[in-house]
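Residue numbers start from 1 in every chain, and the chains themselves are labelled A, B, ... in the order their sequence lines are given, proteins ahead of strands. What you are looking at is a predicted structure, and each value in this text was computed from that prediction instead of being measured.
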Number of protein chains: 2
Amino acid sequence: MHSKITDTLKKHQLSVTDSRKKILSFFLQSGNALAHADIEHKSGTEFDRVTIYRTLQTFVEKGIIHTIPTADNSIRYALCKDECVEGHHHDDHVHFICDECGTTYCLDHVSVPKVKLPKGFKAAQTDLVVSGTCNNCEK
Amino acid sequence: MHSKITDTLKKHQLSVTDSRKKILSFFLQSGNALAHADIEHKSGTEFDRVTIYRTLQTFVEKGIIHTIPTADNSIRYALCKDECVEGHHHDDHVHFICDECGTTYCLDHVSVPKVKLPKGFKAAQTDLVVSGTCNNCEK
DNA sequence: TACAACAGTGCAACAATGTTGCAAAATAAT
DNA sequence: ATTATTTTGCAACATTGTTGCACTGTTGTA
């Protein structure tokens with residue numbers, strides 16, 4: 001019998017280690033995007049900082065998580081949908097960053113509109129990031 | 001007689017100093033977005049690294065330049081259009097980052113479409129960043 | 001133009017973030 | 001169970017960004 005976490009790692013041809021299981025579980029638990037620093041705090045001294053960097057890198061390469069562009073200098077990561085495979089992401093949904101609480105949401109049901117580019121420009125990826133107030137912070 | 005550069009600084013209530021004139025001139029010359037590192041290279045040892053940080057910060061606050069979100073860890077800055085004033089940016093155009101040459105373009109004539117957000121989410125700002133191949137790099 | 005008030009700069013020291021090489025440990029394959 | 005392979009932790013380092021303070025340049029006023 002395999003847990004969902006172990007399954008996911010195996011499906012992406014990754015050996016199953018403590019740090020990978022733990023870090024993947026953080027993403028599954030939180031549901032929202034996490035920055036390197038978040039994971040470092042959550043895991044305390046359990047893993048080396050370097051291991052976290054390398055694990056996140058590996059997850060991105062294997063298509064388990066994707067990065068979200070932000071205007072401040074912090075890279076955030078979020079779980080990919082199932083269609084993402086190694087070397088090829090399909091994350092065409094909108095991201096929302098709350099200015100109040102800092103939470104980053106993947107709005108899976110809001111898709112990025114096609115934009116018309118000037119002559120000679122070829123789009124490979126399109127990212128749409130909205131910032132404002134989320135449904136928790138506004139009342 | 002005033003140069004355009006001096007005028008711009010004065011219009012934004014900034015005292016006119018060598019570093020500000022020089023850094024603003026870099027933006028006017030290049031036409032594209034610049035990262036902190038670009039400016040550091042262009043200016044050599046002329047200014048302290050700290051001065052460049054503070055100048056860019058000031059320019060953003062005063063509405064002379066705006067930041068562009070990127071998925072890698074580098075903040076890029078580009079000149080604002082004239083409608084940007086202190087504390088209130090109006091940069092609703094699409095940004096394009098070339099994967100080949102790294103150049104970042106402001107596509108002033110491509111505007112960001114309105115997106116429909118889930119209940120409870122209020123948008124303050126919307127950034128759309130496209131990456132791919134620019135008209136210089138493709139042939 | 002000269003002077004006072006103020007704003008901006010450079011330096012130093014520091015904090016945070018990210019990278020690399022290598023030996024030890026854990027995982028996978030046989 | 002043993003070997004081959006992968007991953008981890010450590011140490012050292014590079015890069016990037018921040019803060020306080022003394023000094024310098026800029027601005028406004030006479």
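- By the 30° and 60° cut-offs, the orientation of the rings of B:His66 relative to B:His93 is perpendicular.
- When heavy atoms are screened at a 4.0 angstrom cut-off, A:Glu46 is found touching the sugar-phosphate backbone but no base atom.
- Not a single donor-acceptor pair under 3.5 Å links the side chain of A:Ser43 to the backbone N or O of A:Glu46.
- Atoms CZ (B:Arg20) and P (D:dT24) sit 19 Å apart, rounded to a whole Å.
- Nucleic acid contact for B:Thr58: none, since no nucleic acid atom lies under 4.0 Å from a heavy atom of the residue.
- One can place CD of B:Gln57 at 14 Å from C1' of C:dT9, the figure rounded to the nearest angstrom.
- Between B:Arg76 and B:Thr104, the side chains place a donor N or O and an acceptor N or O closer than 3.5 Å (distance only, hydrogens not considered).
- As rounded to whole Å, 14 Å separates atom C1' of C:dA28 from atom CD of A:Gln13.
- Taking atom CG on B:Leu9 and atom P on D:dT26, their separation rounds to 12 Å, with Å as the unit.
- In this model, the phosphate group of C:dG10 is approached by a side-chain N or O of B:Thr51 to a distance below 4.0 Å at OP1 or OP2.
- Across the protein-nucleic acid pair, A:Phe47 atom CZ and C:dA26 atom P stand 13 Å apart, rounded to whole Å.
- A:Ile75 has its CD1 atom 14 Å from the C1' atom of D:dT15, to the nearest Å.
- Residue A:Thr17 places none of its side-chain N or O atoms closer than 4.0 Å to OP1 or OP2 of C:dA26.
- In this structure, of D:dT8, D:dC10, C:dA28, it is D:dC10 that holds the atom nearest to the side chain of A:Val50.
- Atom-to-atom, CD1 of B:Ile23 to P of C:dG8 comes out at 13 Å; the value is rounded to the nearest Å.
- In this structure, of C:dG18, D:dG9, C:dT9, it is C:dG18 that holds the atom nearest to the side chain of A:His36.
- Along DNA chain C, the nucleotide nearest A:Arg49 and the nucleotide nearest A:Arg54 are compared for position; the residue whose nucleotide lies closer to the 5' end is A:Arg49.
- Closest to the side chain of B:Ser15, out of C:dG8, C:dT9, C:dT20, is C:dG8.
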A:Thr55 and A:Thr58: side chain to side chain donor-acceptor pair (under 3.5 Å), yes or no, with the steps? CA-CA 5 Å; A:Thr55 303; A:Thr58 307; 6.0 Å; no
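- Nearest-nucleotide positions on DNA chain D for B:Ala37 and B:Val16 put B:Ala37 closer to the 5' end.
- No donor-acceptor contact under 3.5 angstrom links the side chains of A:Asn32 and A:Ser30, judged on distance only.
- Atom CG in B:Asp48 sits about 15 Å away from atom P in D:dG25, given to the nearest Å.
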